[in-house]
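Shown next, in structure tokens, is the structure this report addresses.
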Amino acid sequence: MSTDSGTPRRAALATWPTPLDPAPRLARALGLGADDLWIKRDDLTGLGGGGNKVRKLEWICGAALAEGATTLVTTGAAQSNHARLTAAAGARLGLDVVLVLAGAPGSSSSGNLVLDGLFGATVVWAGEAGGRQLAIAAEEVAQQLRERGAVPALIPLGGSSPLGAYGYAQCGRELLGRAPDLDTVVVALGSGGTMAGLVDVLGPGKVLGVDCGAVRDPAGTVTGLVTELSGTVHAPEALRLRHDQVGAGYSTLTDASMDALTLAGRTEGIALDPVYTGRALAGLRAAVRDGSVAPGQRTVLLHSGGLPGLFGHGAAVARCQEALTVRTP
């Protein structure tokens, strides 16, 4: 990644640094020491319901503004956290936003889609499309906008580009400033940019990525982004990855993720989401059980947000409602 000045332009969208909070009850429940586990609260970024995509969007939107963009165009699943935060970023910066989402009208409701509408985004439904098909549909939308005189900026799936990863290189530096003795940062691995930025600063040995099933080649995606970001080359096999939490697929609810949501909620009063942070905590739990994360090590769980997605996930909502204790007078 290179710019004329050497440093990308940033569009200020959030409040930094985010908190790094101890989680002693959750730590003990996992089998760690009370002082071993901390949570990096990137759910508390302050824009549009919060989440990790804000770090990426600050730099991506900064570049878009520098290029004279009038409209942000991006892609995602119907309950995309990235799409929701792109809509919020557009509202903050005075830019139109078009979201090209997989699915059809009525295929999903509530959750992030409510906020997409609240923030004024336009949704284009692309049918049952994967990442490549969504990218093609987004380019078609962008061309239509150009023909109408708009200046669109195309943002890739999840904001995972070298600029997006740059935002998480900044997060890596924040973590080193607060916890220079950290051993492992556990992060949900979706489109790859969050893990790539952390790996670029912390190195592959200190970042444990929990694959969520969002991309076909997660290791190659992450190492490719690191190389584009800084020129550093890591072999894909050098990464610490867990692939045991994908279950039946990206958007499905696994028992391990649901258990993780319940555990975090009942030990620390923290809400996770079923697709990303729930899988990340489930992966950490599995890592403690198999010894790849051990007591006595300083471990950080990156909370990447996604709370609105919980309310848009019917299976997870139903499980939470079933667990509600109701007493009659």
Side-chain angles (χ1 to χ4, degrees), residues 1-16 45-105 112-127 129 131-168 170 191 193 225 228-229 305 308:
M1 184 187 72
S2 63
T3 64
D4 291 341
S5 64
T7 301
R9 174 177 172 178
R10 173 174 168 261
L13 296 174
T15 302
W16 311 114
T45 49
L47 176 78
N52 64 321
K53 305 302 182 181
V54 180
R55 285 192 190 268
K56 303 177 181 183
L57 286 165
E58 286 202 321
W59 303 99
I60 291 169
C61 290
L65 290 171
E67 294 167 2
T70 61
T71 307
L72 303 176
V73 180
T74 197
T75 65
Q79 287 293 333
S80 168
N81 296 305
H82 164 68
R84 179 246 308 170
L85 285 168
T86 301
R92 172 74 64 87
L93 299 171
L95 300 173
D96 293 333
V97 176
V98 181
L99 307 175
V100 181
L101 303 181
N112 281 307
L113 281 170
V114 172
L115 295 178
D116 295 341
L118 183 67
F119 300 142
T122 297
V123 171
V124 175
W125 292 105
R132 178 59 183 158
Q133 291 80 13
L134 283 174
I136 292 170
E139 179 52 54
E140 291 173 352
V141 167
Q143 183 56 37
Q144 293 167 5
L145 290 167
R146 294 184 193 104
E147 292 169 359
R148 297 172 191 167
V151 182
L154 274 169
I155 302 175
L157 181 75
S160 288
S161 66
L163 271 176
Y166 186 84
Y168 266 88
Q170 300 296 99
S191 54
L225 283 167
E228 290 183 77
L229 173 62

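No experiment lies behind these values; they were computed from the predicted model shown.
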- Partners passing salt bridge (Lys or Arg N to Asp or Glu O under 4.0 Å) against R84 (at least two apart in sequence or in another chain): none
- Taking all non-hydrogen atoms of both residues into account, name the closest pair between L229 and P162 and its distance. CD1-O, 3.5 Å
- Which atom of A121 lies closest to which atom of A87, heavy atoms considered: CB-CB, 3.8 Å
- Task: Could you go through the side-chain contact (heavy atoms from CB on, under 4.5 Å) check for S80 and N112 one step at a time?
- Result: CA-CA 7 Å; S80 168; N112 281 307; 6.0 Å; no
- Find out whether V114 and P308 are in side-chain contact, i.e. whether some heavy atom of one side chain is under 4.5 Å from a heavy atom of the other. no
- Supply the atom-to-atom distance L115 CG to N81 CG, rounded to the nearest 0.5 angstrom. 10.0 Å
- Quick one: closest heavy-atom pair of P156 and S160, and the distance? CG-O, 3.8 Å
- Test side chain to side chain donor-acceptor pair (under 3.5 Å) applied to Q79 - qualifying residues, sequence neighbours left out: S108
- Message: Using side-chain heavy atoms (C-beta onward) and a distance below 4.5 Å, is Y166 in contact with K56?
- Response: no
Got a list of side-chain donor-acceptor pairs under 3.5 Å for residues 91-101, not counting sequence neighbours?
residue	atom	partner	partner atom	Å
R92	NH1	L13	O	3.4

- Can you tell me how far CG of L154 sits from CD of Q143, rounded to the nearest 0.5 angstrom? 10.5 Å
- Query: Listed by chain and number, what are the salt bridge (Lys or Arg N to Asp or Glu O under 4.0 Å) partners of E139, not counting sequence neighbours?
  - Reply: R146
- Given the options T45, T86, L163, L57 meets side-chain contact (heavy atoms from CB on, under 4.5 Å) only with T86
For residues 67-76, which side-chain N or O atoms pair as donor and acceptor with protein atoms under 3.5 Å away, sequence neighbours left out?
residue	atom	partner	partner atom	Å
T70	OG1	V151	N	2.8
T70	OG1	V151	O	3.4
T74	OG1	H82	NE2	2.7
T74	OG1	I155	O	2.8

- Item | Heavy-atom closest contact (A78 atom, L113 atom, distance) | O-CG, 3.5 Å
For residues 46-55, dump all side-chain donor-acceptor pairs below 3.5 Å to protein atoms at least two apart in sequence or in another chain.
residue	atom	partner	partner atom	Å
N52	ND2	T194	OG1	2.8
K53	NZ	G158	O	3.2
R55	NE	D42	OD2	2.7
R55	NH1	E174	OE2	2.9
R55	NH2	T18	OG1	3.3
R55	NH2	D42	OD1	3.1
R55	NH2	E174	OE1	3.0
R55	NH2	E174	OE2	3.4

- Task: Would you name the heavy atoms of W125 and A102 that are closest together and state the gap between them?
- Result: CZ3-O, 3.5 Å
